[in-house]
Amino acid sequence: MTDTPANQPRRADLGKDPASVSGMFDGVARGYDRTNTVLSMGNDRLWRVATTRAVSPRPGERILDLAAGTGASSVSLARSGAEVVAADFSPGMIGEGRRRHGPDAPGGGIRNLSFVHADATDLPFADEEFDAVTMSFGLRNVNDPKKALAELLRVTKPGGRIVVCEFSHPPSRAFAGLYRFYNDRVLPVVAKTVSSNADAYDYLNESIRDWPDQPTLAAWMRDAGWADVAFRNLSFGIVALHRGVKPVRPRASGSAAEGTPAPR
């Protein structure tokens with residue numbers, strides 16, 4: 001297990017300064033996926049499967065996986081035969097992803113998967129470049145998530161689709177209480193055992209608590225210009241999948257008081 005370098009921040013705060021957030025993720029890149037599996041009790045793999053199914057990647061498509069981290073979600077998408085671009089603003093995460101899955105990886109890596117350093121609020125891609133865009137557990141870490149949703153719309157082809165997988169808020173008050181107990185009391189103890197930077201998971205807890213609920217995120221997506229926005233809860237609402245489509249014709253932005261639950 002690696003230690004966080006002294007020149008990198010051990011944790012970000014709710015101001016979400018890009019350099020602080022990026023540096024925090026740089027420091028946990030090597031053990032990031034293992035830690036997430038332990039802390040989520042294996043549910044991260046189920047959420048990844050659900051996200052891949054929601055994106056529904058197809059051979060010949062070009063897909064952007066933003067906030068891809070080390071590329072675990074990107075690999076799942078690339079198995080379809082689609083060309084996948086794994087983008088993240090943490091150089092450490094991108095470097096770890098390239099080490100595992102890039103051209104120099106054992107077996108030559110994954111040919112239809114590439115890694116790019118990218119800022120979610122200023123994407124280095126052309127307009128209407130992707131058939132689908134997706135972002136898992138990253139929108140919450142962006143200091144201007146509404147701008148990121150607009151940027152994702154810009155780079156998506158008309159008729160293209162978006163899937164956002166993000167921590168959310170369980171609608172059941174009883175389950176929400178149990179979930180909060182786990183995050184406040186259990187997660188910090190486990191994080192100290194399995195993570196090289198337990199302080200980073202204090203930020204995780206704070207950012208989840210501060211993040212808006214499912215209908216509010218759906219409204220943000222509509223305001224950014226996405227159409228047919230719907231959401232579906234996973235794991236009793238610990239996580240939510242939000243989906244939408246870029247209108248084929250220009251569509252005036254509008255707000256919505258609440259999102260429409262997606263069909264199961």
Side-chain angles (χ1 to χ4, degrees), residues 32-33 36 44-90 93-98 100-103 105 108-142 145 147-166 217 221 224-232 234 239-248 262:
Y32 181 74
D33 294 325
N36 285 347
D44 61 318
R45 294 168 179 168
L46 301 178
W47 301 332
R48 192 176 306 127
V49 169
T51 301
T52 301
R53 288 176 177 170
V55 174
S56 188
R58 295 183 282 274
E61 288 190 325
R62 183 167 167 82
I63 296 176
L64 172 63
D65 186 14
L66 187 57
T70 63
S73 55
S74 308
V75 170
S76 181
L77 294 165
R79 290 193 183 108
S80 68
E83 179 187 350
V84 179
V85 177
D88 201 285
F89 74 155
S90 163
M93 288 287 192
I94 289 294
E96 183 64 18
R98 286 196 182 110
R100 297 181 188 181
H101 310 297
I110 301 174
R111 294 184 179 181
N112 57 321
L113 173 60
S114 59
F115 289 85
V116 176
H117 182 264
D119 178 350
T121 62
D122 187 18
L123 294 173
F125 307 112
D127 294 353
E128 302 180 358
E129 185 173 337
F130 296 96
D131 297 285
V133 294
T134 183
M135 194 172 189
S136 294
F137 306 108
L139 189 61
R140 175 178 39 82
N141 298 318
V142 179
K147 187 174 181 180
L149 289 169
E151 272 290 274
L152 286 167
L153 184 78
R154 178 183 66 78
V155 303
T156 303
K157 296 176 182 178
R161 53 211 188 272
I162 184 174
V163 175
V164 176
C165 180
E166 187 54 87
L217 178 54
M221 293 174 67
W226 294 98
D228 300 329
V229 175
F231 67 81
R232 178 167 73 96
L234 304 177
V239 167
L241 277 181
H242 282 71
R243 289 179 283 179
V245 176
K246 181 171 181 175
V248 175

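Values reported hereafter were calculated over all heavy atoms of this structure, with side chains retained and with hydrogens, waters and symmetry mates removed. Quick note: residue numbers are just sequence positions, from 1.
Not a single donor-acceptor pair under 3.5 Å links the side chain of Asp88 to the backbone N or O of Ile94. A distance-only check finds a donor-acceptor pair linking the side chain of Arg154 to the backbone of Leu123 [under 3.5 Å]. With hydrogens and angles disregarded, no donor-acceptor distance shorter than 3.5 Å links the side chain of Arg140 to the backbone of Glu166.
Annotation: the span from Asp44 atom CG to Ser136 atom OG amounts to 11.0 Å, rounded to 0.5 Å. For the atom pair OG of Ser56 and CD1 of Ile63, the computed distance is 8.5 Å after rounding to the nearest 0.5 Å. Residue Ser114 holds its OG atom at 13.0 Å from NE2 of His101, rounded to the nearest 0.5 Å.
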As a quick check of understanding, evaluate salt bridge (Lys or Arg N to Asp or Glu O under 4.0 Å) for Asp33 and Arg100, giving each step before the final call.
CA-CA 12 Å; Asp33 294 325; Arg100 297 181 188 181; 2.6 Å; yes

Please test Lys147 against Glu151 for salt bridge (Lys or Arg N to Asp or Glu O under 4.0 Å), starting from the C-alpha separation and ending with a verdict.
CA-CA 6 Å; Lys147 187 174 181 180; Glu151 272 290 274; over 6 Å; no

Would you sort out whether Val75 and Leu113 count as a side-chain contact (heavy atoms from CB on, under 4.5 Å), showing the intermediate values?
CA-CA 7 Å; Val75 170; Leu113 173 60; 4.0 Å; yes

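Nearest heavy atom pair, residue Leu64 against residue Phe130, reads N-CD2, 3.5 Å.
Residue pairs that meet the salt bridge (charged side-chain N to carboxylate O under 4.0 Å, His left out) test with at least one member in residues 60-80, sequence neighbours left out, are Arg58-Glu61, Glu61-Arg161, Arg62-Glu83, Arg62-Glu129.
For Thr52 and Ser76, the side-chain atoms include at least one donor-acceptor pair closer than 3.5 Å.
Annotation: salt bridge (Lys or Arg N to Asp or Glu O under 4.0 Å) contacts of Asp122 (sequence neighbours excluded): none.
Screening Leu149, Val55, Thr134 for a side-chain contact (heavy atoms from CB on, under 4.5 Å) with Ile162, the sole residue that qualifies is Leu149.
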